[in-house]
Amino acid sequence: MTRSPRVGLAGWRLPGDHFGAAALARRAGADGLQLDLGGPGRGPWLDAPGTIDRLRDDSATHGVELLGVAGNTLNDIGLTAPAGSRDALRARRVLVRVLDTARALGVPLAFAPSFRRSAIDGPDDLRRTAAVLAWAAREADARGLLLASENALQPAAARALVEQVAAPCFRLVLDTYNPRVYGVDVLALIEATHPWIAPQVHLKDGTGGIVGHELLGDGDGGVWEALAALLAHAGAPPGALVLENDYRDGDLGRLALDIGRARAGRADLPATVPDHPRS
């Protein structure tokens with residue numbers, strides 16, 4: 001069975017917290033939702049008692065599919081922490097919580113970002129990150145999940161990360177604008193890494209490497225060119241297009257316009273994609 005690519009939202013870029021995210025996504029016209037584990041400065045913990053049941057109920061009530069779980073608090077800890085250090089232990093504990101939460105919510109994808117304290121700034125950082133993600137990938141595979149990294153690596157380094165993790169369930173999250181922010185050629189990145197790009201792609205736009213309030217396609221991010229390149233190399237569109245522009249100001253009109261643009265851009269892709277992209 002096949003289905004059209006869903007248009008989803010990143011819950012951490014919406015006003016409020018994850019308790020109102022499904023209702024907001026439905027009002028705005030989105031199909032799905034990625035959620036963040038939460039933590040200090042990032043909202044309520046997703047795995048707090050009773051929360052998972054409530055979110056599953058909200059998802060069913062509003063007809064919004066839960067797509068994935070992010071561990072954005074890892075940016076405050078550091079996946080690059082030396083093995084055996086306190087931060088390395090904290091990072092592994094967070095990764096287990098992300099994976100357990102993803103499994104409990106019934107989503108197919110968990111992902112770990114590598115920005116700020118988790119930024120990969122050289123060979124040692126790459127080696128340390130690959131080591132912890134290789135361990136986490138084994139944990140993800142045991143739970144029937146895909147594990148993905150979202151990072152700012154140049155194409156060759158991104159391939160090196162995949163090769164060092166060396167796990168069939170490991171993927172890379174493609175963001176259509178983050179490469180521009182960090183001086184990476186997104187088209188070259190797609191060409192080098194398309195076999196490992198996760199089935200959920202973040203759509204984002206901006207100007208001059210700064211993410212602002214531009215509508216999708218109005219900035220210099222080449223959103224539709226990136227999707228076309230992914231299709232040309234991968235042979236199929238992603239399973240979900242997830243909007244990650246910043247809507248925390250509550251401008252739901254702009255959000256609805258972006259959803260409309262994502263659907264219009266999606267119309268240029270083939271009508272169907274595999275239901276189970278991992279197989």
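Heads up: numbering here begins at 1 and tracks the sequence. We use all heavy atoms of the structure for the numbers below, so side chains are in, but hydrogens, waters and symmetry mates are not.
The nearest pair of heavy atoms linking S85 to A81 is OG-CB, 3.5 Å. Here the shortest heavy-atom pairing between L153 and L126 reads CD1-CD1, 4.1 Å. Between G250 and P15, the closest heavy-atom pair is CA-CG, 4.0 Å. Of all the heavy atoms in R128 and T80, the pair that sits closest is CD-O, 3.0 Å. The nearest pair of heavy atoms linking A112 to L95 is CB-CD2, 4.0 Å. Heavy-atom minimum distance, A262 versus L241: O-CD1, 4.2 Å.
In summary, of the residues considered (D17, D76, D36), a side-chain hydrogen bond (donor to acceptor under 3.5 Å, both in side chains) with R42 occurs for D76 alone. Between D175 and the options K204, R180, R13, a salt bridge (Lys or Arg N to Asp or Glu O under 4.0 Å) holds for only K204.
For R92, the side-chain hydrogen bond (donor to acceptor under 3.5 Å, both in side chains) test picks out no residue, with sequence neighbours left out. Partners of D87 according to the side-chain hydrogen bond (donor to acceptor under 3.5 Å, both in side chains) rule, which considers only residues two or more places apart in sequence or in another chain, are R90, R117. Among residues two or more places apart in sequence or in another chain, the side-chain hydrogen bond (donor to acceptor under 3.5 Å, both in side chains) test is passed with D246 by R248. For E139, the side chain to side chain contact (heavy atoms under 4.5 Å, CB included) partners two or more places apart in sequence, or in a different chain, are L99, W135, R143. For the side chain to side chain contact (heavy atoms under 4.5 Å, CB included) test, residues two or more places apart in sequence or in another chain that qualify with P155 are V184, A188, L189, A192.
Taking 4.0 Å as the cut-off between side-chain N and carboxylate O, R97 and D100 do not count as a salt-bridged pair. Look at D124 and R127 and you find a salt bridge, because one of the NZ, NE, NH1 or NH2 atoms lies within 4.0 Å of a carboxylate O, short of that distance. A salt bridge links R56 with D53: the closest approach of a Lys/Arg side-chain nitrogen to an acidic carboxylate oxygen falls below 4.0 angstrom.
Ring planes of Y182 and F115: parallel class, angle under 30° (limits at 30 and 60°).
The ring-ring contact (aromatic ring centres under 6.0 Å, His included) pairs that include a residue from residues 232-257 are H194-H233, where partners are two or more places apart or lie in different chains.
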